[in-house]
Amino acid sequence: MLEYNLPRYLPSAEELPDSDERPVDNELQELIPGLLKAILLILWAERMDWLFGIDMGIYYHPDKPPIVPDGFLSLGVERFYDEELRPSYVLWDENVVPIFVLEVVSQNYRKEYTTKLDEYEALGVLYYVIYSSRRRRKPHLEVHKLVNGKYELQEGNPVWLPEIGLGIGCERGNYCGVTREWMYWYDEQGQRYLTPAEQVKQEIQRAQQEAQRAQQEAQRAQQAEQRVQQLTEQLRALGIDPDNLG
């Protein structure tokens with residue numbers, strides 16, 4: 001629960017801008033969180049207690065501008081509360097701080113490793129994830145976990161997030177026709193969850209295999225029937241009635 005000293009009368013999400021209206025610096029700032037959300041829509045299709053926001057304003061005070069991460073995940077909230085969906089994420093309405101926040105660093109550095117880290121730490125976000133494919137000497141992916149009020153950098157790729165029940169990591173793959181390093185969700189054994197396109201391809205392959213097995217079974221059944229007919233004709237040629245073999 002939030003414990004902010006807020007004014008008594010507060011605006012609703014509908015009365016607040018949905019973002020900072022600043023265009024993204026790079027397509028990756030949309031595609032990377034978009035891929036993570038697309039995978040969640042399959043993994044958690046039956047769950048209605050989560051929200052993954054992309055470029056959506058997080059309001060923590062009515063008189064201050066929102067924090068607008070590239071992506072964030074909240075658990076224990078309504079997936080949809082009406083058909084218009086959320087224009088923004090208002091903490092005094094939701095009463096749930098996002099558990100996971102993602103920033104994708106573009107060529108225009110926006111203080112992801114300094115000011116934003118301090119902001120998310122103060123807000124109480126459990127996992128702050130920074131991704132930059134341009135880094136040469138340091139890992140592209142940084143996962144910071146809030147421990148006793150301070151962020152601690154987690155080791156590994158992928159990194160298991162037990163409070164979420166997923167791992168987060170990056171590896172080369174293909175998404176939207178682009179082969180490069182992408183961010184993915186992983187299971188506890190470090191196995192990557194498939195993208196929607198990969199899942200469709202897998203289902204097609206399974207259907208093709210089932211059809212092939214059915215065709216092979218049909219061929220074997222036909223061959224067995226032909227063999228029975230041949231043996232029946234041989235018996236009749238020998239003067240034996242195949243219907244009265246006893």
A side-chain contact here means heavy atoms from C-beta on lying under 4.5 Å apart; do [X] and [Y] qualify?
X	Y	result
Gln29	Asp55	no
Leu28	Pro33	no
Thr114	Asp118	no
Pro66	Ile58	no
Ile168	Leu36	yes
Met56	Val68	no
Leu73	Ile164	yes
Leu126	Val97	no

Starting from [Y], can I reach [X] by hopping between I/L/V/M/F/W/Y residues whose side chains sit under 4.5 Å apart?
X	Y	value
Met48	Leu85	yes
Leu153	Ile99	no
Leu40	Val96	yes
Trp160	Tyr193	no
Val101	Leu123	yes

Report task. Provide the full list of side-chain hydrogen bond (donor to acceptor under 3.5 Å, both in side chains) pairs with a residue in residues 40-50, sequence neighbours left out, each pair given once. Result -> Arg47-Asp49

Query - Worked check of side-chain contact (heavy atoms from CB on, under 4.5 Å) between Leu141 and Val129 - result: CA-CA 7 Å; Leu141 181 70; Val129 179; 3.5 Å; yes

Report the residues that fulfil side-chain contact (heavy atoms from CB on, under 4.5 Å) with [X], sequence neighbours left out, ordered by chain and then residue number.
X	answer
Lys138	Arg135
Val178	Arg180, Trp182
Glu119	Ile67, Thr115, Lys116
Ile130	Val105, Glu112, Tyr113, Tyr128, Glu142, His144

Requested in this report: Would you sort out whether Val125 and Phe100 count as a side-chain contact (heavy atoms from CB on, under 4.5 Å), showing the intermediate values?
Outcome: CA-CA 6 Å; Val125 174; Phe100 171 102; 5.9 Å; no

Query - Stepwise side-chain contact (heavy atoms from CB on, under 4.5 Å) test for Ile54 and Glu30 - result: CA-CA 7 Å; Ile54 298 176; Glu30 293 179 344; 5.5 Å; no

Going by the rule salt bridge (charged side-chain N to carboxylate O under 4.0 Å, His left out), which residues pair with [X] if we only count those two or more places apart in sequence or in a different chain?
X	answer
Glu198	Arg192
Glu163	Lys145
Lys150	Glu121
Arg220	Glu217

Taking atom [atom1] of [X] and atom [atom2] of [Y], what is their separation to the nearest 0.5 Å?
X	Y	atom1	atom2	result
Tyr89	Phe72	OH	CZ	6.5 Å
Cys170	Glu181	SG	CD	4.0 Å
Trp185	Leu43	CH2	CG	9.5 Å

**Report entry** Ser88 and Tyr59 side chains, donor-acceptor separation under 3.5 Å
**Finding:** no

Query raised in the report: Will you find, in the side chains of Glu103 and Tyr120, an N or O donor that is under 3.5 Å from an N or O acceptor?
Result: yes

**Report entry** Partner set under ring-ring contact (aromatic ring centres under 6.0 Å, His included) for Tyr184, not counting sequence neighbours
**Finding:** none

Requested in this report: Report the residues that fulfil ring-ring contact (aromatic ring centres under 6.0 Å, His included) with Tyr127, sequence neighbours left out, ordered by chain and then residue number.
Outcome: none

Query - Partner set under side-chain hydrogen bond (donor to acceptor under 3.5 Å, both in side chains) for Asn157, not counting sequence neighbours - result: none

Report task. Considering non-hydrogen atoms only, spot the tightest contact between Ser74 and Pro98 and give its length. Result -> OG-CA, 3.3 Å

Requested in this report: Kindly indicate, with the supporting measurements, whether the criterion side-chain contact (heavy atoms from CB on, under 4.5 Å) is fulfilled by Ile42 and Thr195.
Outcome: CA-CA 9 Å; Ile42 296 174; Thr195 68; over 6 Å; no

Query raised in the report: Does CD in Gln230 sit with more than 12 non-hydrogen atoms of other residues, nucleotides or ligands closer than 6.0 Å?
Result: yes

